[in-house]
Amino acid sequence: MRINTVSLKDLDEIFKLESNTFKKDAFSKNSILNLIVNNTFFFKLINDDGSNEIVGFIIVIQDREGRVNLINLLISKQYQNKGYGSHLLKYTLNKIKEMNNIEVIVLNVNSKNKVAIWLYQKFGFQIGQKIENYYRQQKSAYLMILKI
Ligand SMILES: CC(C)(COP(=O)(O)OP(=O)(O)OC[C@H]1O[C@@H](n2cnc3c(N)ncnc32)[C@H](O)[C@@H]1OP(=O)(O)O)[C@@H](O)C(=O)NCCC(=O)NCCS
């Protein structure tokens, strides 16, 4: 597996992964397009077996207050639970740490998403406030924070 920056030619493949995984809560294709054009980091994990299939991706942006937001991390279903999510997150956290003046990284995660919460906690993120009705169908989210 290798990590590379996402480009516009990846839009369809990324959107397919996004919509298959998050269904109605997925970013629209247009949002993904905007994120490819405007991001702090948008990395893809690519299969090295010759297929060049995108196995997963991670998106980081800075909000208006200058806080670093991890807004999406995804590993394709058949590749989950093999350490790839940890690998992509670790790589990205190291890139963020190389930036100047970054003190916190924040993210929102579905409060029922045990694997993701576990993964983020493994890297030092702490659970902050619960945000009710963050997703559709009254699903709540946790704000998670990593101080660096
Ligand atoms: C969350 C996600 C990115 C994790 O990627 P991954 O490649 O499967 O993660 P890893 O294999 O690196 O690590 C998973 C960890 O969770 C653990 N885990 C797996 N299933 C679990 C379960 N049902 N309950 C608790 N922990 C579990 C694994 O043991 C592993 O822990 P370890 O590193 O201590 O061994 C992936 O599951 C995913 O894409 N999910 C759908 C999209 C999503 O929800 N993204 C998060 C958005 S905020």
Side-chain angles (χ1 to χ4, degrees), residues 1-7 10-36 38-49 51-65 67-97 99 102-148:
M1 298 287 169
R2 64 181 197 280
I3 296 172
N4 235 321
T5 295
V6 166
S7 68
D10 300 317
L11 176 61
D12 287 346
E13 206 176 341
I14 295 277
F15 178 64
K16 203 170 163 193
L17 281 174
E18 171 76 15
S19 49
N20 285 345
T21 303
F22 292 109
K23 316 280 183 209
K24 286 189 169 141
D25 289 318
F27 283 125
S28 68
K29 198 169 189 175
N30 198 42
S31 298
I32 299 279
L33 170 68
N34 286 332
L35 286 162
I36 294 176
N38 203 345
N39 63 71
T40 304
F41 297 115
F42 196 157
F43 294 126
K44 58 182 174 179
L45 189 66
I46 308 157
N47 200 330
D48 259 343
D49 65 356
S51 68
N52 284 333
E53 176 191 6
I54 298 179
V55 167
F57 61 86
I58 188 165
I59 311 172
V60 176
I61 61 167
Q62 260 178 295
D63 62 25
R64 289 200 185 92
E65 288 83 44
R67 296 194 308 181
V68 169
N69 284 248
L70 201 166
I71 63 166
N72 213 348
L73 168 64
L74 183 160
I75 298 294
S76 177
K77 187 109 189 128
Q78 68 267 37
Y79 293 95
Q80 287 176 7
N81 244 313
K82 299 180 194 298
Y84 295 132
S86 303
H87 176 60
L88 192 53
L89 182 58
K90 187 175 180 186
Y91 178 89
T92 305
L93 292 178
N94 284 336
K95 290 283 177 195
I96 295 169
K97 285 172 188 166
M99 296 166 67
I102 303 299
E103 286 167 12
V104 291
I105 305 171
V106 295
L107 61 85
N108 293 112
V109 60
N110 187 324
S111 57
K112 298 231 164 64
N113 192 342
K114 289 197 182 123
V115 177
I117 292 170
W118 166 254
L119 180 62
Y120 294 133
Q121 284 182 321
K122 195 171 83 176
F123 284 91
F125 282 87
Q126 293 181 331
I127 294 180
Q129 79 198 80
K130 192 169 186 181
I131 309 160
E132 303 294 345
N133 301 318
Y134 183 80
Y135 302 98
R136 286 168 194 249
Q137 291 152 345
Q138 287 89 45
K139 286 184 278 181
S140 59
Y142 286 124
L143 174 71
M144 294 189 77
I145 302 169
L146 175 67
K147 298 199 172 88
I148 51 175

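None of these values were measured; they are calculated from a predicted model. Read the numbers this way: they start at 1 and go in the same order the structure lists the ligands and their atoms.
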Please list the nearest protein heavy atom to [atom] with its residue and the distance rounded to 0.1 Å.
{"atom": "atom 48 (S) of ligand 1", "answer": "Tyr120 OH, 3.3 Å"}
{"atom": "atom 31 (O) of ligand 1", "answer": "Trp118 NE1, 2.9 Å"}
{"atom": "atom 22 (C) of ligand 1", "answer": "Val115 CG2, 3.6 Å"}
{"atom": "atom 3 (C) of ligand 1", "answer": "Leu73 CG, 3.7 Å"}

message: Yes or no, since that's all I need: does a protein heavy atom fall within a distance strictly under 4.0 Å of atom 20 (N) of ligand 1?
response: yes
- prompt: Under 4.0 Å from atom 25 (C) of ligand 1, do we find at least one protein heavy atom?
  reply: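 When distances to the protein are checked, atom 25 (C) of ligand 1 has no heavy atom within 4.0 Å.
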Those atoms of ligand 1 less than 4.0 Å from some heavy atom in [X]:
{"X": "Gly83", "value": "10 (P), 11 (O), 12 (O)"}
{"X": "Leu74", "value": "39 (O)"}
{"X": "Thr21", "value": "41 (C), 42 (C)"}
{"X": "Asn81", "value": "6 (P), 7 (O), 8 (O), 11 (O), 19 (C), 20 (N), 28 (C)"}
{"X": "Leu119", "value": "4 (C)"}
{"X": "Ser86", "value": "10 (P), 12 (O), 13 (O)"}
{"X": "Lys82", "value": "11 (O)"}
{"X": "Lys122", "value": "32 (P), 33 (O), 34 (O)"}

- request: Measure the acute angle between the ring planes of Phe57 and Phe42, then classify it against the limits of 30° and 60° as parallel, tilted or perpendicular.
  value: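 Because their plane-to-plane angle lies in the 30° to 60° range, the rings of Phe57 and Phe42 count as tilted.
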query: N/O of Phe22 under 3.5 Å from N/O of ligand 1, yes or no?
result: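 Among all N and O atoms of Phe22, none is under 3.5 Å from an N or O of ligand 1.
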- prompt: Gly85 to ligand 1: N or O pair under 3.5 Å?
  reply: yes
message: Please compare Gln80, Lys77, His87 and report which has the shortest non-hydrogen distance to atom 40 (N) of ligand 1.
response: Gln80
Under-4.0 Å heavy-atom contact with ligand 1, by part of [X] that carries it:
{"X": "Leu107", "result": "neither"}
{"X": "Tyr142", "result": "neither"}
{"X": "Asn113", "result": "side chain"}

query: Hey, does Ile46 have a side-chain heavy atom less than 4.5 Å from the side chain of Met1?
result: no
task: Check whether any side-chain heavy atom of His87 sits under 4.5 Å from a side-chain heavy atom of Ile3, and report yes or no.
output: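 His87 vs Ile3: side chains touch.
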message: Could you work out, with ring pair (Phe, Tyr, Trp, His ring centres under 6.0 Å) as the rule, every residue matching Phe22, not counting sequence neighbours?
response: none
query: If only atom types and distance count, is the side chain of Ser28 paired as donor or acceptor with the main-chain N or O of Ser31 below 3.5 Å?
result: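 Present.
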- prompt: Is Glu18 reaching over with its side chain to a backbone N or O of Ile32, donor-acceptor style, under 3.5 angstrom?
  reply: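 It does not hold such a pair.
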message: Applying side-chain hydrogen bond (donor to acceptor under 3.5 Å, both in side chains) as the test, list every pair that has at least one member in residues 110-121; sequence neighbours left out.
response: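 Applying side-chain hydrogen bond (donor to acceptor under 3.5 Å, both in side chains) to every pair that reaches into residues 110-121, excluding sequence neighbours, yields Ser111-Ser140.
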Between Ser51 and Asp49, a side-chain donor and acceptor under 3.5 Å: yes
CD1 on Ile14 to CG on Leu35, rounded to 0.5 Å: 10.5 Å
